[in-house]
There are 2 protein chains.
Amino acid sequence: MDFYKNEPSLLLAVDCIIFGFNGESLEILLIKRGFEPERNKWSLMGGFVQPDENPQQAASRILKKLTGLEDVYMEDCGIFGDPDREKYGRVVSIAHFALIDTHQYQHIISEEFEARWFPLKEQPELIFDHPQMIEKAKQKLRMKAALYPILFELLPEKFTIPQIVALYEGVYDTELDTRNFSRKLLSSELIIKLKEKDKENSKKGAFYFRLNKDIYKEKIMSFLSYLPSWSLNG
Amino acid sequence: MDFYKNEPSLLLAVDCIIFGFNGESLEILLIKRGFEPERNKWSLMGGFVQPDENPQQAASRILKKLTGLEDVYMEDCGIFGDPDREKYGRVVSIAHFALIDTHQYQHIISEEFEARWFPLKEQPELIFDHPQMIEKAKQKLRMKAALYPILFELLPEKFTIPQIVALYEGVYDTELDTRNFSRKLLSSELIIKLKEKDKENSKKGAFYFRLNKDIYKEKIMSFLSYLPSWSLNG
DNA sequence: ACAAAAGTGTTGATGTTACACCCATGT
DNA sequence: ACATGGGTGTAACATCAACACTTTTGT
């Protein structure tokens with residue numbers, strides 16, 4: 001029955017690229033490793049897949065260990081398994097990205113890990129191939145966000161349109177016309193206007209909105225059948 | 001130095017979803033397993049990641065073993081690692097899809113594997129979680145194809161517009177208006193008209209085209225910055 | 001001559017972009 | 001009263017979808 005006994009085994013890890021949005025800018029959560037190897041260097045949060053869990057479950061467990069959060073949007077975004085990527089043994093790692101609203105995390109500050117939010121463009125030096133993992137995560141995030149409104153996973157319950165625009169500008173590293181963008185969004189019925197206004201950032205104040213979850217689910221279900229829009233021109 | 005010695009090891013496999021287009025319909029290449037376990041059942045081509053290769057290289061090696069082809073477009077499309085997915089040991093498998101022009105494969109018919117092309121909709125019963133792998137591959141293929149012209153990887157050097165349309169219709173399981181689709185494609189300069197015509201399928205004959213590789217590369221490089229088009233309306 | 005598939009022209013509807021301008025409010 | 005960001009109106013332009021119609025050629 002030992003059909004596979006001559007096959008080489010290895011360690012399977014998961015690493016988490018944790019994206020967070022605080023209402024202004026897009027950030028990523030990194031830890032200072034408190035263990036060897038590479039102790040005291042900045043790193044993605046990671047860990048090994050255990051016998052009783054699949055890699056997705058491992059990623060959720062590891063995210064929870066750091067942030068305390070459950071039911072967070074996560075998705076794998078690349079396999080990193082060059083034979084020599086770690087000096088201390090053969091480790092293949094599956095990169096996962098998570099999308100969280102930073103407000104939900106702020107108060108859980110874990111003592112065990114020295115964790116810190118870094119703006120996307122101010123990453124510190126990272127161990128192993130973690131920079132490439134982040135690059136892949138950004139790519140997949142853009143790709144998904146181009147097809148359906150995945151970025152709403154990063155927003156709090158109540159949000160303003162200028163916040164959404166800032167989020168999209170952060171992800172795509174570009175400037176958008178808030179006026180046109182908001183109109184497009186409103187016509188989709190994806191968001192519902194609330195009576196309340198956020199007056200922290202302007203004198204006039206910007207209305208809060210919340211996500212229309214029914215429409216959101218519809219979009220998620222249907223995006224797989226979108227036909228090419230590939231900007232064939234231009 | 002044995003920092004990881006208490007971590008559980010496992011076997012890492014790759015399975016290949018090999019999509020092929022023969023000019024008329026989209027198919028997938030399956031093998032009849034000649035080895036245990038599950039001998040004589042239909043299956044995806046797969047194998048284990050070896051110590052000297054990363055998972056991508058393993059997938060290429062396995063594809064070459066079956067088809068003889070190298071430099072084929074491949075991409076991972078999902079991790080399948082439930083603890084009990086195989087009875088004979090802990091195996092996590094990384095699904096990869098490959099895109100090939102079936103004409104290039106026809107003559108290499110491998111003796112070692114009893115391989116056969118199946119139209120996408122006439123899949124036989126498959127072992128393990130291979131049906132789910134195929135489903136994931138189809139999803140990722142659609143997603144990619146919606147953003148850039150990846151499907152050209154499935155076409156031969158010379159192809160006709162009705163063929164491209166058939167390909168897109170197969171991938172999206174829908175009907176397209178050949179007339180509008182071809183106009184769109186032509187205006188993109190992605191394809192170059194040849195003098196020759198294919199007269200096998202019609203009396204008038206359809207002009208052959210070839211891919212404009214420069215424009216193709218441009219599209220591949222730039223698709224990551226496409227902004228949302230999410231069919232916000234509708 | 002006719003059938004059948006390839007391909008062109010045209011049109012109204014729909015979407016996008018750019019930007020002038022109005023709105024609400026704290027100082 | 002005025003500066004500041006939030007938001008609406010609008011006109012020019014690009015793109016899309018639908019389909020009538022023309023082209024080519026084997027039988």
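Note that the structure is a prediction, hence the values are computed from the model and not measured. Sequence lines set the chain letters: A, B, ... in the order given, protein chains first and strands last, and positions in each chain run from 1.
Regarding B:Asp177, its CG atom lies at a distance of 12 Å from the P atom of C:dA6, rounded to whole Å. Summarising the geometry, the separation between CG on B:Leu176 and C1' on D:dC19 is reported as 16 Å, rounded to the nearest angstrom. In this entry the distance linking CG of A:Leu185 with C1' of D:dG7 reads 14 Å, nearest Å. Look at CD1 on B:Ile161: it is 15 Å from C1' on D:dT23, rounded to the nearest Å. Look at CZ on A:Phe207: it is 14 Å from C1' on D:dG5, rounded to the nearest Å. Put simply, CD on A:Glu175 is 14 Å from P on C:dC19, counting in whole angstrom units.
Taking the side chain to side chain contact (heavy atoms under 4.5 Å, CB included) definition, one finds that B:Phe207 meets it with B:Lys193, B:Lys197, B:Phe209, sequence neighbours left out. With sequence neighbours left out, the side-chain hydrogen bond (donor to acceptor under 3.5 Å, both in side chains) criterion links B:Asp101 to B:His103. When the side chain to side chain contact (heavy atoms under 4.5 Å, CB included) test is applied to A:Lys64, the partners found at least two apart in sequence or on another chain are A:Glu70. Taking the ring-ring contact (aromatic ring centres under 6.0 Å, His included) definition, one finds that B:Phe19 meets it with nothing, sequence neighbours left out. For B:Asn212, there are no side-chain hydrogen bond (donor to acceptor under 3.5 Å, both in side chains) partners, not counting sequence neighbours. Under the ring-ring contact (aromatic ring centres under 6.0 Å, His included) criterion, A:Phe223 pairs with A:Tyr148, sequence neighbours left out. Not a single ring-ring contact (aromatic ring centres under 6.0 Å, His included) links A:Phe97 to another residue, sequence neighbours left out.
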Tabulate protein N/O versus nucleotide N/O from nucleotides 8-12 of chain D, keeping only pairs under 3.5 Å, one per line.
from, atom 1, to, atom 2, distance (Å)
D:dG9, N7, A:Arg183, NH1, 2.8
D:dG9, O6, A:Arg183, NH1, 3.4
D:dG9, O6, A:Arg183, NH2, 2.8

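Near DNA chain C, meaning a heavy atom under 4.0 Å away, the residues from residues 196-206 of chain B are B:Asn201, B:Ser202, B:Lys204, B:Gly205, B:Ala206.
Checked by atom type, the side-chain pair B:Glu157/B:Tyr208 shows no donor-acceptor distance below 3.5 Å.
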